[in-house]
**Q** 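The structure that follows is given in the form of C-alpha cells.
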Amino acid sequence: MEEIRDEEVQDDNIQNEAAGTETTSTEETLDQDITSNPSSGTANADSEEEDGEEKKSEEADTMKADAAKEETASGESEKKGFFSKKKKEKDKRDQQIEELTDRVQRQMAEFDNFRKRSEKEKSAMFEVGAKSVLEKILPTVDNFERGFANLSEEQKQDAFAQGMEKVYRQLLTALEGIGVKPIEAVGQPFDPNFHNAVMHVEDEEAGENVVVEEFQKGYMYRDNVLRHSMVKVAN
C-alpha cells in the first residue's frame, strides 16, 4: 500500500512539473512575442491616443460651433430687439408729430375762420351803422329839394338861395362818394325791389306798369336799398 501511494505521489509531482514547464514555456513565448514585436504594442497605444485626441478635438470643435451659434443667435436677437425698440420709438415719435401737426392745422383753420367771421361781422356792423346814419341824413336832403322846388325864378337868383344850393350839391357829392346813389324811377318799369307804389292811375300815353311820378326819391347804398322810391304807377 505504501508503495502504491509513493507511486501516486510521484505521478502527481511529474504532472505538476509538466504543467509548470508548460506555463513557463507559454510565458516565455509571450515574452518573446512582445520582445520580437514591440512596435505592435506601441502602435496600438498610439492609435488609441490618436483616437482620443481626435475625439477631444471633435468635441472641442462642436462646443466652439455651438458657442458661436449661441453668440450669433444672441447677437441677432439683440440687434432685432434694438431695431424693433428703435422702430417702436420712431413710430411713437411719428405719431406724436402727426398729432401735433393735425392740432396746429386745426387751430390755424379755426383762427382763419374766426378772422373771416370777424371781418364779416365788422363789415355788417359798419353797414348797419352807416345805413342808420344815412337814413337820418336823407330827410335833410328831401327838405333841400322841397325848398328849391317852391322857389320862383327870381328867388333862385338870390345869393342866399344860391348859397343853399351849393351846400345841397356838396351834400350830394359827399353821399355819392361813400356809395349813396339815387334810384331811377320815372319812366322805368315798376320793380317792387326798388319802388314803393302808393298810387295807381290809368294813363293811355304811359306804358303798362310804368312809373309816371315820384313822390319821394329813393336811394341805394352800395348794393343795398337804403330807401325805396315812393311812386305812382300807371295802368
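This structure is a prediction, so every number in the text was calculated from the model and none was measured. For this chain, numbers begin at 1 and follow the sequence in order.
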**Q** Quick one: do Phe144 and Ile178 end up in the same hydrophobic cluster if we chain Ile, Leu, Val, Met, Phe, Trp and Tyr together by side-chain heavy atoms under 4.5 Å apart?
**A** yes
**Q** Between Glu110 and Arg106, is the closest basic N to carboxylate O distance under 4.0 Å?
**A** no
**Q** Could you check Met164 against Phe148 for side chain to side chain contact (heavy atoms under 4.5 Å, CB included), going step by step and ending with a plain yes or no?
**A** CA-CA 9 Å; Met164 294 302 292; Phe148 292 138; 4.1 Å; yes
**Q** With a 3.5 Å distance limit and no angle check, can you tell me whether Asn196 reaches the backbone of Pro192 through a side-chain donor-acceptor pair?
**A** no
**Q** In the single-linkage hydrophobic clustering (I, L, V, M, F, W, Y; side-chain heavy atoms under 4.5 Å), do Leu172 and Val133 co-cluster?
**A** yes
**Q** Taking all heavy atoms of Ser229 and all of Gly218, pick out the closest pair and write down the distance.
**A** OG-N, 3.1 Å
**Q** Would you indicate whether the side-chain heavy atoms of Val210 and Val233 approach each other to under 4.5 Å?
**A** no
**Q** Which heavy atom of Gln157 sits nearest a heavy atom of Gln162, and at what distance?
**A** O-NE2, 3.3 Å
**Q** Look at atom CD of Glu176 and say whether more than 12 heavy atoms of other residues, nucleotides or ligands are closer to it than 6.0 Å.
**A** no
**Q** Check step by step if side chain to side chain contact (heavy atoms under 4.5 Å, CB included) holds for Leu171 and Val167.
**A** CA-CA 6 Å; Leu171 181 59; Val167 174; 5.6 Å; no
**Q** If every non-hydrogen atom of Leu226 is compared with every non-hydrogen atom of Lys131, which pair is closest and at what distance?
**A** CD1-CG, 3.3 Å
**Q** Does this structure show an ion pair linking Arg222 with Glu127, if we count only N-O contacts that are shorter than 4.0 Å?
**A** yes
**Q** I would like to know whether Lys232 and His200 meet side chain to side chain contact (heavy atoms under 4.5 Å, CB included); could you show each step before the answer?
**A** CA-CA 6 Å; Lys232 181 197 298 185; His200 184 270; over 6 Å; no
**Q** Is the shortest side-chain heavy-atom distance between Arg227 and Met220 below 4.5 Å?
**A** no
**Q** If every non-hydrogen atom of Tyr168 is compared with every non-hydrogen atom of Val141, which pair is closest and at what distance?
**A** CE1-CG1, 3.8 Å
**Q** Output yes when a side-chain donor or acceptor of Ser123 lies under 3.5 Å from a complementary backbone atom of Glu119, and no otherwise.
**A** no
**Q** Looking at side-chain heavy atoms only, is the closest gap between Gln170 and Lys166 below 4.5 Å?
**A** no
**Q** Does atom CD (Glu208) have a neighbourhood of more than 12 heavy atoms from anything else shown, all under 6.0 Å?
**A** no
**Q** Do Asn113 side-chain atoms and Ala109 backbone N/O form a donor-acceptor pair below 3.5 Å?
**A** yes
**Q** Looking at side-chain heavy atoms only, is the closest gap between Phe215 and Val231 below 4.5 Å?
**A** no
**Q** Determine whether more than 12 heavy atoms belonging to other residues, nucleotides or ligands lie under 6.0 Å from atom CZ of Arg115.
**A** yes
**Q** Students often mix this up, so state it plainly: with edges at 30° and 60°, are the rings of Phe190 and His195 parallel, tilted or perpendicular?
**A** tilted
**Q** Is the closest side-chain heavy-atom distance between Leu134 and Val180 below 4.5 Å?
**A** yes
**Q** Taking atom CD of Glu145 as the centre, does the number of heavy atoms from other residues, nucleotides or ligands within less than 6.0 Å exceed 12?
**A** yes
**Q** Any side-chain heavy-atom pair from Glu98 and Asp102 closer than 4.5 angstrom?
**A** no
**Q** Do the non-hydrogen side-chain atoms of Val212 and Val201 ever get within less than 4.5 Å of each other?
**A** yes
**Q** Please report the closest heavy-atom contact between His228 and Asn193, naming both atoms and the distance.
**A** NE2-O, 3.2 Å
**Q** For Ser132, is there any backbone N or O sitting under 3.5 Å from a side-chain donor or acceptor partner on Glu135?
**A** no
**Q** Sub-3.5 Å donor-acceptor pair from the side chain of Asp158 to the main-chain atoms of Glu154, do we have one?
**A** no
**Q** Report the distance from atom CG of Leu138 to atom CD of Gln216, rounding to the nearest 0.5 Å.
**A** 8.5 Å
**Q** Provide the closest heavy-atom pair for Ala161 versus Leu151 in the form atom of the first, atom of the second, distance.
**A** CB-CD1, 4.0 Å
**Q** For a salt bridge (Lys or Arg N to Asp or Glu O under 4.0 Å) check, start with the C-alpha distance between Glu99 and Arg103, then their side-chain angles and the critical distance, and finish with the verdict.
**A** CA-CA 6 Å; Glu99 290 177 356; Arg103 187 181 299 176; 5.5 Å; no
**Q** Are the side chains of Leu175 and Tyr219 in contact, using a 4.5 Å heavy-atom criterion?
**A** no
**Q** Rounded at 0.5 Å granularity, tell me how far NZ in Lys217 sits from CD in Glu184.
**A** 10.5 Å
**Q** Side chain to side chain contact (heavy atoms under 4.5 Å, CB included) between Lys122 and Met125: does it pass, once the steps are laid out?
**A** CA-CA 5 Å; Lys122 288 180 181 179; Met125 291 175 65; 5.6 Å; no
**Q** Is it possible for you to say whether Phe114 and Val104 belong to one hydrophobic cluster, with membership spreading through side-chain heavy-atom contacts below 4.5 Å?
**A** no
